[in-house]
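Every chain is numbered from 1, with letters handed out A, B, ... down the list of sequences. Because only heavy atoms are used, hydrogens play no part in the values below, and waters and symmetry mates are left out as well, while side chains stay in.
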There are 2 protein chains.
Amino acid sequence: MTFLDATNRLCAFSMIADLAELPHDLREALNKICQLRHLRQGQVIAHPGEPHDLVGFVAEGILRMQKTLPDGRQHVVGLLVPGDVYGRVFDGAMQFSIEAATEAKVFVFPRHAFEALLSASPALDRLMLLHFLTEIDRTRDWMVILSNPKVRGRLAGFLMMLCTRFRNIEGMLGSMNGMLTVSIPISRADLAHLLGARAESISRAFHALADDGMIDIIRPDLVVLRSIEDLADEAGEPEMGEAILTEDLPSHRIGSLRRL
Amino acid sequence: MTFLDATNRLCAFSMIADLAELPHDLREALNKICQLRHLRQGQVIAHPGEPHDLVGFVAEGILRMQKTLPDGRQHVVGLLVPGDVYGRVFDGAMQFSIEAATEAKVFVFPRHAFEALLSASPALDRLMLLHFLTEIDRTRDWMVILSNPKVRGRLAGFLMMLCTRFRNIEGMLGSMNGMLTVSIPISRADLAHLLGARAESISRAFHALADDGMIDIIRPDLVVLRSIEDLADEAGEPEMGEAILTEDLPSHRIGSLRRL
DNA sequence: ATCGGACATTGATCTAGCGCAATGAAGAGC
DNA sequence: GCTCTTCATTGCGCTAGATCAATGTCCGAT
């Protein structure tokens with residue numbers, strides 16, 4: 001797989017979708033300096049504090065960004081899904097470490113070469129700027145989810161976010177006789193850290209939602225969403241439900257969580 | 001006060017600090033298209049969903065970004081302090097409404113004129129890109145604070161964040177015989193929404209921290225931080241304390257919360 | 001000065017979620 | 001096959017925090 005293949009194949013996703021619209025010669029230039037890396041699960045590709053000289057695009061799999069607290073605990077602060085970009089440009093050290101949550105493939109670009117292309121191409125530069133704006137919105141959406149006072153509500157919000165982000169991502173979102181199935185890319189313990197709770201509480205919250213008929217738990221890492229409306233209601237944001245249920249999503253960045 | 005005055009006077013802050021280093025003619029150009037607006041407390045200057053055709057720089061006061069939930073509740077998702085930028089460029093509608101938490105002054109730029117300058121000036125463009133990167137980091141720091149399972153911990157983290165962000169901002173951070181005083185720019189109810197708790201719990205958490213000698217509550221909106229280390233410990237991030245206690249902060253974006 | 005409203009605090013009760021411990025379930029290595 | 005390890009689940013006592021209600025405090029308007 002080359003980078004050009006990926007941009008064409010992954011054209012459903014935010015960043016890479018936009019990349020596909022770049023002039024062909026620019027994509028060729030990107031193709032020349034990029035390198036495909038296979039990551040095994042658990043592999044760490046960036047450490048906080050030390051300068052990371054690569055910019056990466058996720059092609060397959062899920063990565064998680066996490067902060068290592070002084071006491072050694074890992075604190076998940078975000079997920080990267082295919083189409084996402086990570087790494088620093090024109091800038092200092094990484095704030096977080098990045099670890100492959102599943103087996104994954106990423107395209108990496110030497111930072112300086114990438115920056116040179118950025119400087120030379122206003123179109124690419126503009127794309128990165130828009131991408132970062134989208135990322136800010138996503139992170140603020142996270143804040144809204146996290147500030148739900150109840151664990152059930154936060155979990156419901158998390159599931160809704162997975163829905164919007166995993167839409168069209170191969171293998172992450174399926175449908176079982178009309179119902180939406182979501183694969184949960186991280187463990188209960190990590191989810192607990194992410195949602196400000198304990199693993200036991202997360203487990204209980206999952207089963208509480210199941211008891212209320214909102215979800216079915218096929219496996220710990222695979223759930224069926226039976227009632228998006230109820231989940232959105234639980235999360236405190238009916239509008240999220242509408243957005244997900246709307247089949248023909250318009251281009252990203254319309255409603256709160258409508259961005260892919 | 002002109003925009004040029006502001007960039008010189010506010011040179012301690014992130015975005016405007018960098019602006020001050022722009023070529024003089026570019027700042028003149030910005031000066032020409034900008035307009036100073038006085039905001040009274042509670043004034044709303046941006047509504048979610050509708051396109052906002054202004055880009056703004058905060059010169060004085062505190063603004064809060066908030067999401068209006070379907071049930072009418074307001075959900076604070078971030079604060080803007082002097083030196084911060086808001087608004088959209090090359091892009092769709094605002095995701096959140098912005099409201100003046102205190103009396104405030106902002107410089108506003110017509111969006112299209114600003115975008116034209118952005119396109120014409122790689123330096124300004126680069127500055128905005130870096131600014132957004134910083135903003136992403138800040139929002140992720142928020143996530144870490146919000147995912148603290150205890151209200152006390154989240155409140156402590158919030159106070160620490162105010163410390164780092166208010167550093168050098170006139171009137172927001174003072175010192176009383178060696179102790180750091182912080183002014184709390186939002187009400188208990190808003191703080192409760194922001195931190196995923198109830199106003200009563202926030203009030204109790206404040207007084208619990210006071211009982212433990214970590215803070216003194218002068219007025220509901222003014223507290224003295226007696227022990228940064230203990231607060232940082234409570235927040236779960238000893239490193240935050242070190243960063244604040246270090247008098248000569250290096251340039252922004254070094255440690256977790258060292259960015260101003 | 002007095003009234004009214006917004007906001008902060010305090011008290012009392014009740015429940016959600018923590019914390020610890022024990023028990024399953026699934027995969028890796030031998 | 002087996003054991004060992006890791007992860008998810010379940011039970012139970014206990015605390016933090018939600019919830020409801022009352023009181024206090026400040027400020028602006030009359």
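- Summarising the geometry, the separation between CG on A:Asn148 and P on C:dA16 is reported as 14 Å, rounded to the nearest angstrom.
- Comparing B:Ile217 and A:Gly196, the nucleotide of DNA chain C nearest to each residue sits closer to the 5' end for B:Ile217.
- In this structure, B:Glu103 places its CD atom 16 Å from C1' of D:dC27, rounding to the nearest Å.
- Between A:Arg198 and C:dG19, a side-chain N or O to OP1/OP2 separation shorter than 4.0 Å is present.
- Put simply, A:Lys150 has no side-chain N or O that comes within less than 4.0 Å of OP1 or OP2 on D:dA16.
- One can place CD1 of B:Ile186 at 19 Å from P of C:dA6, the figure rounded to the nearest angstrom.
- D:dT25 atom P lies 19 Å from atom CG of B:Leu222, rounded to whole Å.
- B:Ile202 places its CD1 atom 11 Å from the P atom of C:dT9, with the value rounded to the nearest Å.
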| task | Determine, step by step, whether B:Val224 and B:Leu180 satisfy the side-chain contact (heavy atoms from CB on, under 4.5 Å) criterion, reporting the C-alpha distance in whole Å, the side-chain angles of both residues, the deciding distance to 0.1 Å, and the verdict. | result | CA-CA 6 Å; B:Val224 180; B:Leu180 214 53; over 6 Å; no
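- No donor-acceptor contact under 3.5 Å links the side chain of A:Glu200 to the base of D:dC12.
- Rounded to whole Å, the distance from CG on B:Leu209 to C1' on D:dG17 is 15 Å.
- A:Ala197 comes within 4.0 angstrom of sugar-phosphate atoms only, judged by non-hydrogen atoms across all strands, and of no base.
- Position along DNA chain D of the nearest nucleotide to A:Pro149 versus A:Arg219 favours A:Arg219 as the more 5'-ward residue.
- Salt bridge absent: A:Arg140 and A:Glu135 never bring a charged side-chain N and a carboxylate O closer than 4.0 Å.
- When distances are taken from the side chain of A:Ser187 to each of D:dC7, D:dG17, D:dT10, the shortest belongs to D:dC7.
- D:dC27 atom C1' lies 12 Å from atom CD of B:Gln41, rounded to whole Å.
- Taking for each of A:Pro220 and B:Arg152 the nucleotide of DNA chain D with the nearest heavy atom, the 5'-most of the two is the partner of A:Pro220.
- Residue A:Arg204 places a side-chain atom within donor-acceptor reach of the base of D:dG11, judged by atom type and a 3.5 Å distance cut-off alone.
- Using a 4.0 Å cut-off between charged side-chain N and carboxylate O, A:Arg154 and A:Glu234 make no salt bridge.
- Side chains of B:Glu99 and B:Gln43: a donor-acceptor N/O pair is absent below 3.5 angstrom, by distance only.
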Please table the atom pairs, donor to acceptor, closer than 3.5 Å between any side-chain atom in residues 206-218 of chain B and protein atoms at least two apart or in another chain.
residue, atom, partner, partner atom, Å
B:Asp212, OD2, B:Arg152, NH1, 3.1
B:Asp212, OD2, B:Arg152, NH2, 2.9
B:Asp216, OD2, B:Arg226, NH1, 2.8

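- In this entry the distance linking CG of A:Leu155 with P of C:dG17 reads 11 Å, nearest Å.
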